[in-house]
Amino acid sequence: MPDKMPLDTLLASLFPAGHAVTVADGLITGEGPLNDGRLAVIGIDGDTALGIEGACLLAGRVLDVVRAGGSTPILVLVDSDSQRMSRRDELLGLNEYLAHLAKALLLADAQGHPTIGLLYGHSAAGAFIATALATRVLAALPGAHPSVMDLPSVARVTKLPLEILQDMARTTSVFAPGLDNMVQTGAVQATLDPDRPLGPQIAALIADSPAADTRDALGRERGGRPLAHAIAARVVREAQGA
Amino acid sequence: METLRFRHATTRPLPGTRPSAITGVVASGNLEVLLERNLPPDACHVEIDTAINGYAEVWAAVVADFVARRQPGGLTITINDGGARPDTVSLRLAQGARLMELP
Amino acid sequence: MMDWRQERTAREARLERARRCADGKVVPAARVVDLLEAILQPGDRVCLEGDNQKQADCLARGLSACDPARVHDLHMVQSGIVLPEHLDIFEQGIAKRLDYSYSGPQGGRIARMLYGGQIELGAVHTYLELFARYFIDLTPNVALIAGVSADRDGNLYTGPNTEDTPTVVEATAFKNGVVVAQVNAIVDRVPRVDIPGDRVDFVVEADKPFYVEPLFTRDPGAVTETQILMAMMAIKGIYAEYGIRRLNHGIGFGTAAIELLLPTYAERLGLKGRIATHWALNPHPSLIPAIESGWVKQIHCFGSEVGMDKYIRARPDVFFTGSDGSLRSNRAFCQTAGLYACDLFIGSTLQIDLQGHSSTVTTNRVAGFGGAPNMGSDPHGRRHPSDTWMKAGQEAGGTGDPALRRGRKLVVQLVETFGDKLVPAFVERLDALELAKKLDLELAPVMVYADDVTHIVTEEGIANLLLCRTLDEREQAIRGVAGYTDVGRGRDHAEVERLRARGIIRRPEDLGIEPLDADRSLLAARSIKDLVHWSGGLYEPPAKFRNW
Amino acid sequence: MDWKPVALSASPLAQSWYEASARARLAGLLDTDTFEEFIGPEQRMMSPHLPLFALPRAFDDGMIVGRGRLDGRDVLAAAQEGRFMGGAFGEIHGAKLVGLLRAALAVKPAAVLILFDTGGVRLQEANAGETAIAEIMRAITQVRAAGIPVIGLIGGRAGCYGGGGLIAGTCVRLVISEGGRLSVSGPEVIETNKGAEEFDSRDRALVWRTMGGKHRRLLGAADAFADDTIGAFRAAASAAIPAAPAFDLETLEAEQARLAARIARFGDARDATEIWSRLGVNDPDAVPGLTTEGFDALLDSLPEGSHDAR
């Protein structure tokens, strides 16, 4: 597996003319120039778990962009752990904070601020859903390794031997961790070329991004989710009386 | 997993006109039973997907008793089994037949 | 010259040795080991109070900390083998021989130790049987008992879990033995005197309150439709049929289902006041709805149940309570009541064979008996008639002058044809026989003997064994309710139909019960919280049963 | 013997929501006989993935979707069966809900109702389940933006965990019962990852105090508290349809303020009882034992009412 691209390198490639992106407590915020305008940036760095404070802060930045108007796109950079697993986070309603962050991104996109996720490291579970997966288009850099759950944990829950799961993972993308598998399900739409400047690649993604959610169609094309698209379409048809 | 198929002749069709019904849930020790009225009135087919292997004889007995008691002519019965005990299977089959008989 | 006071002299020597550990009768917890080493002599018969619920755990820890060089080869005579220490002392060489009744929580370990020869087994008893032997040939030299509080004179308050204590003390104190009580607190004045102080030699203030297991709490949330169907059959086909007023229930979910159906299903059948009015029973939380609905006249208890204290205090018309207001239980008396004054016992079992012998033994566990065999047996010493008893006696047949016929106690086994993991409950041969062979026991551990069982209730129907006239009929009656087990599928179908025509086997439809009506909405309470609400907040379930 | 006739069938509305199957919940929740299922069980659209794990499949993959009426209003509804695979999101399970939400944009029902009962993502189909959850959340915001309220009902055996908790947080209104649990990481997950000192998953009282219906309602994480009956959920769902707030900047800014204020006010609380106390509850320890009537009265007495910030 290729190494993950360090955030500094990524930002340098993205904003060769400099930027105002900072990282504090693993949370990325700021902006930089893109084409003639700006690109707002939020995200999570350093395999950091996403808790209530982080989600709240990032959501606030997203809403700031929406409030300011215009059509500034928002880039969500992700190298996170899963959601923060703690009694305190759950006591205070972590599900609301994560959902709020996702809603903020979805609102932004609906109100003319295209959202782009860029997965450059790890991400998992609730943190993944609330950030990268809540964008209009999700790209990844080689070295990214999203996972819902690692195989040893899957083995524990399913009570299947790890070796069998490892075998199955080679032929079945639907449950196994890793970037390729998330590409196949359609969750990650594109993989970027780390050797070319990232700015133009991001700009191209924004220009080409579909307004509708095409992830299930991609999953069918790529074979990672053979049925989802057809099932959803069938429900729509039946609901319309067909 | 094991798939079992049984074909029975009945003396009469199951009363009622409902085309289909479903009862039960696939869970540990439980099962779901789907009943469809799509066969000739003197036939009943039962197909079972079960999570636990090696109980074909018991299934055969449970299904035969159900068919003898209820005479579910005309029905295809399809079962997804999560390892239910025979008495639970009997209960679900009876529940299913009653649902199909409802006006 | 005969010395008629050898035991008395020996007792005084023990007390003399022990006095240096005590301030009067009071011994600090830190000196328990010293105390026990001073009192105990090799080869003593010792009752380390381990009841169904209450455990003399501080004294048990003390005993297992004794020096095996000084304290060894004890003969333990106690009803419950419940705590790990109860068996540790055999591994340590402190104890050697064992006579007991019940070992549910330690069933696996005791089987291994018996098999490995670490325990010299006398016998596995029923409670009453062991209590009886306390007065004949197993009288303890030393009793280590538990209570809630004591005063400095040794007057003992046992709290609601009096259980075995009076019996153990009676046998020990009046036959030259030494009685040591652990209590949660030494007080100036006990709330009531359960054991008078002149029967207690030493009182140990325990380092922590004694342990009590909530053995009788069944979460209504876990009662299944099958158990409800069987409860409906039992109520309609047995309780109503025989007019059962005086009874004892086992502790399984099947009997909990019956308790929870009394205020709903049985009430709609018009049975209130006609059945289930007088009980020998621990205070089952699942009986609260029936009590609150006015079904229950009175209950005498073997022991108490965790969380029921406040409720019991508020219902003195129903329960036996002391001047302090709290429950007074007594295992020996309640067992006697269950044996002689109840017309029905109903309980679950794990295995039934073709004759009707039933056992809760599996090849790897020795759970012992407890009280079920006393409840579940026909007392030949009974002489008072009741309609129920006489009707059952009549069904059992017999010849000669009717005034010379006995009645019969109803002993009902409530059993689902398959248990967990599709293990059949009906078998050709009991696992108990394998176990007896493996452990070289003279008697196989049978919970209820075939000649005591009168009815078997399964989800397939009720078999009335009283009406069977031959062994073959009996076998077919059992096969006829054994469902899809091998035993059940091995039935003679024609014979089973003949038995059904004679009312020996009754299916739900024969009783006017539609199995599809067996629904959890029939339960008077569907959760522990419902029970709390029924009790008006008086029932306080232990944490493991709460989600609040 | 002469038996009294016994009427045994309880009203479907009196049935326990917690105990009822997903189908029974839908049947009782909606006006009688109005539910029409999409991709019904007879179509046998079952998971193509579970057989690889030698696991039994369900005809509906644990997700039932369709249309019906609630107090005469046309609604779309989806129900998870918590007993099948813990109600977890797999490929088909998730896609059915995605389709239902997309259909809502076309048929414009009065509301979309989601009857949650889920442990989160189905591990055997983890990538498909996770992606479906993202699609569902995006679709919910689109449906809400079109002025159609999406209402979540939580009171099933499996609770509402993992991605289910995030989907719930995307709904405009949530109805929860005492037995309902709403959270991201479940107690066992926290215990496994962080140890029993962080969370003792066997301490049931702690679980419910931290994640259960009463706490979520007091915190404002749910909008209505329902008794554990199908009838009570029906009434609460119907009442939630009118006057649902829009999905716009104003609503999310209000939510931002609400959530930020919560951290400021309760961020140092060790236990739910501390939060309840600060909310103005006189006897926090008594809250878990309160009956529904008692709890409703408590809610009425608290200074903070309901909010439109979700």
Side-chain angles (χ1 to χ4, degrees), chain A residues 52-53 56 59-60 63 66-67 83 85-87 90-100 102-104 106-107 110 125-126 128-130 133-134 148-149 154 157-158 160 168 172-175 181-182 185-187 213 215-216 219 224-228 231-236 238-240, chain D residues 38-39 45 48-49 52-53 65 67 76 91-92 95-96 98-100 102-103 106-107 121 123-128 130-135 137-138 141 145 163 165-166 168-170 182-185 189-190 193-194 198-199 210-211 219 221 247 249 252-253 255-256 259-260 262-263 266 272:
Chain A
I52 54 173
E53 287 87 356
C56 201
L63 293 178
V66 179
R67 193 183 311 108
Q83 74 273 9
M85 294 179 186
S86 83
R87 178 177 160 184
E90 296 301 345
L91 177 67
L92 292 171
L94 180 61
N95 78 300
E96 288 181 275
Y97 289 85
L98 296 182
H100 176 66
K103 282 185 290 186
L106 292 162
L107 177 80
F128 193 29
I129 299 175
L133 286 174
V148 179
M149 196 182 255
V154 176
V157 176
T158 60
L160 287 172
M168 289 169 69
T172 313
S173 61
V174 74
F175 78 95
N181 295 317
M182 287 313 281
T185 61
D213 193 339
R215 287 175 283 194
D216 53 358
R225 278 195 296 161
L227 292 173
I231 293 282
R234 195 148 144 191
V235 171
V236 174
E238 291 195 25
Q240 289 177 303
Chain D
F38 307 144
I39 314 190
M45 290 308 305
H49 311 297
L52 295 172
F53 295 85
V65 298
R67 75 176 138 233
L76 295 180
E91 177 170 358
I92 291 177
K96 284 167 92 170
V98 172
L100 189 79
R102 289 180 185 162
V107 304
V121 167
L123 287 182
Q124 294 82 356
E125 311 179 19
N127 300 331
E130 186 104 331
T131 312
I133 286 164
E135 290 168 335
M137 290 171 68
R138 181 158 172 185
T141 60
L166 272 76
T170 314
L182 171 59
S183 201
V184 187
S185 308
V189 174
I190 299 176
N193 284 283
K194 305 287 162 180
E198 175 68 20
F199 207 122
T210 309
M211 305 170 170
L219 201 61
F247 183 71
L249 181 62
L252 288 194
E253 290 201 308
E255 182 167 58
Q256 180 78 27
L259 296 180
R262 185 187 292 168
I263 295 176
F266 308 122

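Just so we're on the same page: letters track the sequence lines, and every chain starts at 1. Note that this is a predicted model, so its numbers are computed, not measured.
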Engineer: Heavy atoms only, distances under 4.5 angstrom: which of A:S86, A:G219, A:A110 has the most pairs with chain D? Name it, please.
Structural biologist: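 When all of A:S86, A:G219, A:A110 are compared, A:S86 has the most.
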Engineer: Which heavy atom of D:E130 sits nearest to which heavy atom of A:F128, and what is that distance?
Structural biologist: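 For D:E130 versus A:F128, the nearest heavy atoms are OE2-CD2, 3.6 Å.
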Engineer: Where do D:L100 and A:V235 come nearest, in terms of heavy atoms and distance?
Structural biologist: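 Result for this residue pair: N-CG1, 3.5 Å.
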Engineer: Count the heavy-atom pairs under 4.5 Å between each of A:L98, A:L107, A:V66 and chain D, then report the option with the highest count.
Structural biologist: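 Between A:L98, A:L107, A:V66, the count favours A:L107.
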Engineer: To check you understand the geometry: which heavy-atom pair defines the closest contact between A:M182 and D:N127, and what is its length?
Structural biologist: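 That would be SD-OD1, 3.4 Å.
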Engineer: What pair of heavy atoms forms the shortest contact from D:L219 to A:L91, and how long is it?
Structural biologist: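 Nearest pair, atom of D:L219 first, then A:L91: CD2-O, 3.5 Å.
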Engineer: To the nearest 0.5 Å, what is the distance between CD1 (A:I129) and CD1 (D:I133)?
Structural biologist: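 Going from the CD1 atom of A:I129 to the CD1 atom of D:I133 covers 4.5 Å.
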Engineer: Give a yes or no on whether the backbone of D:I39 and the side-chain of A:E238 come within a donor-acceptor separation of less than 3.5 Å.
Structural biologist: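 Checking the backbone N and O of D:I39 against the side chain of A:E238, a donor-acceptor pair under 3.5 Å is found.
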Engineer: Any sub-3.5 Å donor-acceptor pair from D:E198's side-chain atoms to A:R87's backbone N or O?
Structural biologist: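 A pair under 3.5 Å: yes.
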Engineer: When you measure from the side chain of D:R262 to the backbone of A:L92, do you find a donor-acceptor pair of N or O atoms at a distance under 3.5 Å?
Structural biologist: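 Judged by distance alone, yes, a pair lies under 3.5 Å.
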Engineer: To the nearest 0.5 Å, what is the distance between CG on A:D213 and CD on D:E135?
Structural biologist: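 A:D213 CG to D:E135 CD: 5.0 Å, rounded to 0.5 Å.
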Engineer: Could you check which of A:L133, A:T185, A:I231, A:L160 has the highest count of heavy-atom pairs closer than 4.5 Å to chain D?
Structural biologist: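 Highest number of heavy-atom pairs under 4.5 Å: A:I231.
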Engineer: How close do D:S185 and A:M85 get, heavy atom to heavy atom, and via which atoms?
Structural biologist: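 Where D:S185 meets A:M85 most closely, the heavy atoms are OG-CG, 3.5 Å.
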Engineer: For D:M211, is there any backbone N or O sitting under 3.5 Å from a side-chain donor or acceptor partner on A:E90?
Structural biologist: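 The answer is no, because no donor-acceptor pair under 3.5 Å joins these two groups.
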Engineer: In terms of heavy-atom proximity below 4.5 Å to chain A, should D:A145 be classed as side chain, backbone, both, or neither?
Structural biologist: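 Neither the backbone nor the side chain of D:A145 comes within 4.5 Å of chain A.
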Engineer: If you count heavy-atom pairs under 4.5 Å between each of A:G186, A:P226, A:A134 and chain D, which one has the most?
Structural biologist: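 The answer is A:P226.
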Engineer: Report yes if the side chains of D:I263 and A:C56 come closer than 4.5 Å at any heavy-atom pair, otherwise no.
Structural biologist: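 In contact.
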Engineer: Among A:T172, A:L94, A:L63, single out the residue with the greatest number of heavy-atom pairs under 4.5 Å to chain D.
Structural biologist: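 Between A:T172, A:L94, A:L63, the count favours A:L63.
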Engineer: For the candidates D:V189, D:V65, D:I190, which exhibits the highest count of non-hydrogen atom pairs separated by less than 4.5 Å from chain A?
Structural biologist: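 Most heavy-atom pairs under 4.5 Å with chain A: D:I190.
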Engineer: Measuring heavy-atom distances to chain A, does D:F247 have an atom under 4.5 Å in its side chain, in its backbone, in both, or in neither?
Structural biologist: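 Contact with chain A: backbone and side chain both.
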Engineer: What distance separates D:E91 CD from A:D216 CG, expressed to the nearest 0.5 Å?
Structural biologist: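 Separation between the atoms: 9.5 Å.
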Engineer: How long is the straight-line distance from CG of A:L227 back to NZ of D:K96, given to the nearest 0.5 Å?
Structural biologist: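 So the gap between those two atoms works out to 12.0 Å.
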Engineer: So what's closer than 4.5 Å to chain D heavy atoms on A:A59: side chain, backbone, both or neither?
Structural biologist: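 Its backbone and side chain both get close to chain D.
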Engineer: State, yes or no, whether a side-chain contact exists between A:M168 and D:F53 at a heavy-atom distance under 4.5 Å.
Structural biologist: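 Side-chain contact under 4.5 Å: yes.
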Engineer: What are the two closest heavy atoms between D:G169 and A:N95, and how far apart are they?
Structural biologist: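 The pair with the smallest heavy-atom distance is N-ND2, 4.1 Å.
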Engineer: Answer with side chain, backbone, both or neither: which region of A:S173 has an atom nearer than 4.5 Å to a non-hydrogen atom of chain D?
Structural biologist: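 The backbone, not the side chain.
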Engineer: Of the listed residues (D:V121, D:L76, D:L182, D:V98), which shares the most heavy-atom pairs with chain A below a 4.5 Å separation?
Structural biologist: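 Ranked by heavy-atom pairs under 4.5 Å with chain A, first place is D:L182.
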Engineer: What part of D:M137 lies closer than 4.5 angstrom to a heavy atom of chain A: side chain, backbone, both or neither?
Structural biologist: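 For D:M137, backbone and side chain are both near chain A.
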Engineer: D:M45, D:R67, D:E255, D:E125: which one forms the most heavy-atom pairs within less than 4.5 Å of chain A?
Structural biologist: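 Counting heavy-atom pairs under 4.5 Å, the top option is D:E255.
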Engineer: Looking at D:T170, D:T210, D:V107, D:V184, which makes the most heavy-atom pairs under 4.5 Å with chain A?
Structural biologist: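 Heavy-atom pair counts peak at D:V184.
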Engineer: Checking heavy atoms, do the side chain of A:A228, its backbone, both or neither come under 4.5 Å from chain D?
Structural biologist: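 Answer is both: backbone and side chain atoms of A:A228 are under 4.5 Å from chain D.
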Engineer: From A:R225 CZ over to D:I92 CD1, what is the distance, rounded to the nearest 0.5 angstrom?
Structural biologist: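 CD1 of D:I92 is found 12.0 Å from CZ of A:R225.
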Engineer: Let me confirm one number: the CG-NE2 distance from D:L166 to A:H100, rounded to the nearest 0.5 Å.
Structural biologist: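 D:L166 CG to A:H100 NE2: 12.5 Å, rounded to 0.5 Å.
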Engineer: Counting only heavy atoms closer than 4.5 Å, note whether D:T141 contacts chain A via side chain, backbone, both or neither.
Structural biologist: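 The answer is the side chain of D:T141.
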Engineer: Is it the side chain or the backbone of D:R138 that comes within 4.5 Å of chain A heavy atoms, both, or neither?
Structural biologist: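 Both backbone and side chain.
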Engineer: Considering only heavy atoms and a distance below 4.5 Å, find which of D:A106, D:P48, D:A132, D:G165 pairs most often with chain A.
Structural biologist: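 The candidate making the most pairs under 4.5 Å is D:G165.
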